[in-house]
Structure formats: C-alpha cells, structure tokens
Protein chains: 2
Amino acid sequence: MDTVQLEGKLADLRAWTPTQCTIARALDVVGTRSAILIMREAHYGTTRFDEFARRVGITEAVAAARLRELVDAGLLVKEPYREPGQRTRHEYQLTDMGRDLLPALTALMQWGDAYLADGKPPLVLTHAGCGAPVHAEVRCTEGHAVDLPDILVAPRPRR
Amino acid sequence: MDTVQLEGKLADLRAWTPTQCTIARALDVVGTRSAILIMREAHYGTTRFDEFARRVGITEAVAAARLRELVDAGLLVKEPYREPGQRTRHEYQLTDMGRDLLPALTALMQWGDAYLADGKPPLVLTHAGCGAPVHAEVRCTEGHAVDLPDILVAPRPRR
DNA sequence: CCGTATCCACAACGATACTG
DNA sequence: CAGTATCGTTGTGGATACGG
C-alpha cells in the first residue's frame with residue numbers, strides 16, 4: 001500500500017464515528033466488573049445463584065441484578081430443573097452468545113497472566129482433544145499467525 | 001480423562017480462590033469503559049490528549065484521569081516530541097504491555113460484531129502481509145483450532 | 001493545544017436485614 | 001436455596017470554568 005492509499009485509510013478512520021463501535025456496545029452489556037466475573041464463573045461451570053455470588057465475591061443484590069441483565073441480554077438462560085426427590089431449582093446456563101465470549105475472557109486472562117500475576121498463572125485452559133494448553137491468538141483468515149505490528153486497522157470499505 | 005480425574009479437577013476448581021484470578025486483576029487496570037475505549041483509540045493510532053477525549057466521547061477531566069492511570073500502569077508512555085518549528089508537545093504511545101491487549105480488544109470487538117451490530121461490522125482489521133481479515137481465535141499450543149466445548153478449565157497443577 | 005479544578009449526578013457495589 | 005429491600009459509600013463520568 002502506498003502513501004496516498006494509507007493517508008486515505010487514515011482519513012476514513014478519523015471520520016469514522018465511535019458510536020457505532022462494537023467494543024462500546026459490548027461494554028454496554030459486559031462493561032462492569034461483576035458482569036465479566038460472572039461470565040468467567042459461568043465458563044468455570046457455575047450455575048447456581050449463590051455460587052455466583054459467593055465465588056465472584058459480590059452481594060446477592062448485585063448478583064441478582066447482574067444475572068437478570070445477563071439473561072435479558074441473552075448471554076445466560078435461567079432454567080428450572082429438579083433432581084429426583086428435590087424441589088424445583090433454577091440454574092443459569094450459558095447460551096451460544098455467552099459461550100462465544102470465551103475468546104475475549106481468555107485473551108484478558110492471558111494478558112493478566114503475562115503482566116499482572118505475581119507468580120505462575122493460577123489457571124490453565126486445556127484442549128480436551130490433546131491436553132495441550134489453550135490460548136487466544138490473532139490470525140488472519142489465510143491462517144497466518146499475525147504479529148501485532150502487522151495489523152492494519154481500517155474502516156470497512158463501502159460498497 | 002476418566003470420571004474420577006474429572007471430578008478431581010472440579011474439586012480443585014471449587015477450592016480455587018477467585019482473588020488470584022488474573023481476569024479480576026486485569027479489570028483493576030482496564031475495568032472501566034473509558035479505559036478500554038482509550039486503549040482502543042491508541043490502537044487506532046490516536047496519540048494526543050484532546051483526540052482521545054473527543055473520539056472516546058469523554059470529558060477532558062476523565063481523559064486526564066484515565067490517561068494518567070494507564071501510564072502509571074504501564075500500558076501507555078507519555079513522550080515529548082516536537083515537529084520542526086513547533087513547540088514541544090506530548091504524545092501517548094502504546095507500550096508492549098498496551099499493545100498486547102489487542103487480542104482482548106479484538107475478541108471483544110468480534111463478539112460485539114457477531115451479536116450487537118445492527119448491520120455490517122463497521123471496522124475490520126487486516127493482515128498487512130496478505131490483506132486478509134484478522135480475527136481472534138482460541139488455539140492450543142499444538143496448533144489445533146479449538147472448539148469452545150472442547151476446552152477444559154482447570155487450576156494449574158501444583159509442582 | 002493540553003490539560004487542571006470544582007461541583008454534581010448517577011451507577012456500581014457492599015452491608016445488613018428480611019422473605020418464600 | 002434463591003432471592004428482595006434498604007441504606008450508605010465509592011467510582012465513573014458530565015458540565016463548566018480556568019491556567020500554562
């Protein structure tokens with residue numbers, strides 16, 4: 001890409017209004033600490049109200065509010081179930097939308113592991129297929145692993 | 001992995017205290033909307049104080065506070081520079097620590113694109129090498145693309 | 001252009017008590 | 001077990017005015 005093209009891209013980028021930014025929209029849904037940590041817990045397999053509250057370290061009031069919002073937004077579903085001989089209970093299960101947040105959670109955890117852990121990262125994700133550790137990475141659709149300096153940020157071309 | 005092992009892992013997981021969670025630590029640094037959006041802008045090439053404030057849509061007071069925190073945390077550096085004939089100005093540049101946040105930002109954007117955009121995602125990242133779009137994904141160190149249901153979450157084994 | 005200072009509003013959260 | 005209700009505190013951010 002020559003200089004003229006590059007300057008054109010840059011001009012487009014500056015004209016682009018941040019309100020349509022999907023990061024900002026994502027933050028409208030999972031922009032609070034408690035929401036992120038609840039989603040983390042859900043991925044760890046937590047399904048019950050008081051487990052969320054206890055393990056995330058938030059009060060029941062906050063847990064109730066956040067869980068309701070996350071259900072409303074479609075990241076979790078609240079489903080009744082009953083074990084034999086027990087009364088009906090409810091559990092919060094991940095939807096596809098909630099499950100698809102895992103790359104973001106993984107990437108965040110990795111970054112925290114790299115720069116903010118005192119010692120060794122306390123938790124690893126492993127691939128059930130081969131047992132190898134799992135990590136988030138950035139790749140292009142051609143399959144090339146992409147180094148961060150090799151990424152161009154540009155507004156989607158108009159058609 | 002058999003059932004006994006799996007239950008062992010699960011027991012470990014329940015005993016694991018969330019305070020050491022590096023996601024929580026990451027949120028101590030970039031847990032606010034403005035911090036995330038400022039880091040997004042930095043990746044888009046924004047370097048100047050008032051550009052951050054304007055493009056993120058926050059007041060100068062908030063921009064000043066957040067930029068100071070991000071510099072203190074090591075995600076940005078504030079550097080003096082001068083163009084010929086101009087007085088000295090300052091610019092905020094990404095550090096390695098800040099740059100390494102890109103996978104998390106990319107993953108978040110992707111998730112927003114998938115579930116929260118009205119139409120087409122407004123922005124794409126492309127690989128400078130081949131021009132193909134770039135996306136965040138989860139892989140194991142063996143190089144296998146990992147489907148989300150195939151991920152095991154487990155505490156790091158003690159040594 | 002690059003901020004600082006002040007004041008105010010509201011949202012997020014913790015603590016505590018209480019209910020089906 | 002799964003919440004609701006209420007209160008107080010802090011954090012995040014907007015508005016406005018001002019200073020190097």
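Every chain is numbered from 1 and lettered A, B, ... according to where its sequence line falls, protein lines coming before strand lines. Quick caveat: nothing in here was measured; it's all calculated off a predicted structure.
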Item to check | Along DNA chain C, first and last positions that approach a heavy atom of chain B under 4.0 Å | outcome: C:dC1 to C:dA5
Item to check | For A:His127, ring pair (Phe, Tyr, Trp, His ring centres under 6.0 Å) partners two or more places apart | outcome: B:His144
Checklist entry - What is the distance from CZ of A:Arg89 to C1' of D:dA2, rounded to the nearest Å? => result 9 Å
Item to check | Residues that B:Glu137 engages under salt bridge (Lys or Arg N to Asp or Glu O under 4.0 Å), provided they are two or more places apart | outcome: A:Arg139, B:Arg139
Checklist outcome for this item: ring pair (Phe, Tyr, Trp, His ring centres under 6.0 Å) filter on B:His90, not counting sequence neighbours, yields none
Next on the checklist: Could you walk me through whether B:Glu60 and B:Asp50 satisfy the side-chain contact (heavy atoms from CB on, under 4.5 Å) test, starting with their C-alpha distance in whole Å, then the side-chain angles of each, then the deciding distance to 0.1 Å, before giving a yes or no?
Outcome noted: CA-CA 7 Å; B:Glu60 291 95 335; B:Asp50 72 326; over 6 Å; no
Item to check | Contact check, side chains of B:Met39 and B:Leu102, non-hydrogen atoms, under 4.5 Å | outcome: no
Write out a two-atom table: protein N or O, nucleotide N or O from nucleotides 12-14 of chain D, distance below 3.5 Å.
{"unit_1": "D:dG13", "atom_1": "OP1", "unit_2": "B:Ser34", "atom_2": "N", "d": "3.1"}
{"unit_1": "D:dG13", "atom_1": "OP1", "unit_2": "B:Ser34", "atom_2": "OG", "d": "3.3"}
{"unit_1": "D:dG13", "atom_1": "OP2", "unit_2": "B:Ser34", "atom_2": "OG", "d": "2.4"}
{"unit_1": "D:dG13", "atom_1": "OP2", "unit_2": "B:Arg66", "atom_2": "NH1", "d": "2.4"}
{"unit_1": "D:dG14", "atom_1": "OP1", "unit_2": "B:Gly57", "atom_2": "O", "d": "3.4"}
{"unit_1": "D:dG14", "atom_1": "OP2", "unit_2": "B:Thr59", "atom_2": "N", "d": "3.4"}

Item to check | Sub-4.5 Å side-chain heavy-atom contact between A:Phe49 and A:Glu91 | outcome: no
Item to check | Base-paired stems in DNA chain D, each at least three Watson-Crick or G-U pairs under 3.5 Å | outcome: C:3-20 with D:1-18
Next on the checklist: Is there a side-chain contact between B:Leu27 and A:Leu37 in this structure, where contact means two heavy atoms from C-beta onward sitting under 4.5 Å apart?
Outcome noted: yes
Checklist entry - Any side-chain heavy atom of B:Thr141 within less than 4.5 Å of one from A:Val134? => result no
Checklist entry - Quick one: A:Arg55 CZ to D:dA2 P, roughly how many Å, whole number? => result 15 Å
Item to check | Rounded distance (Å) that lies between atom P of D:dC1 and atom NZ of A:Lys78 | outcome: 16 Å
Next on the checklist: Do A:His135 and A:Thr106 make a side-chain contact, defined as non-hydrogen atoms from C-beta onward lying under 4.5 Å apart?
Outcome noted: no
Checklist entry - So what does A:Phe52 touch, heavy atoms closer than 4.0 Å: a base, only the sugar-phosphate, or nothing? => result nothing
Next on the checklist: Taking the side chain as everything from C-beta on, heavy atoms only, tell me whether B:Pro133 gets closer than 4.5 Å to A:Cys140.
Outcome noted: no
Item to check | Distance in angstrom units between B:Asp50 CG and D:dG20 P, rounded | outcome: 20 Å
Next on the checklist: Can you measure A:Glu51 atom CD to D:dA2 atom C1' for me and round it to whole angstrom units?
Outcome noted: 13 Å
Checklist entry - Can a side chain N or O of A:Arg48 be found less than 4.0 Å away from OP1 or OP2 on D:dA2? => result yes
Item to check | pair A:Leu116-B:Val29: side-chain heavy atoms closer than 4.5 Å | outcome: yes
Next on the checklist: For a quick test of reading the model: is some side-chain N or O of A:Tyr92 closer than 4.0 Å to OP1 or OP2 of D:dG3?
Outcome noted: yes
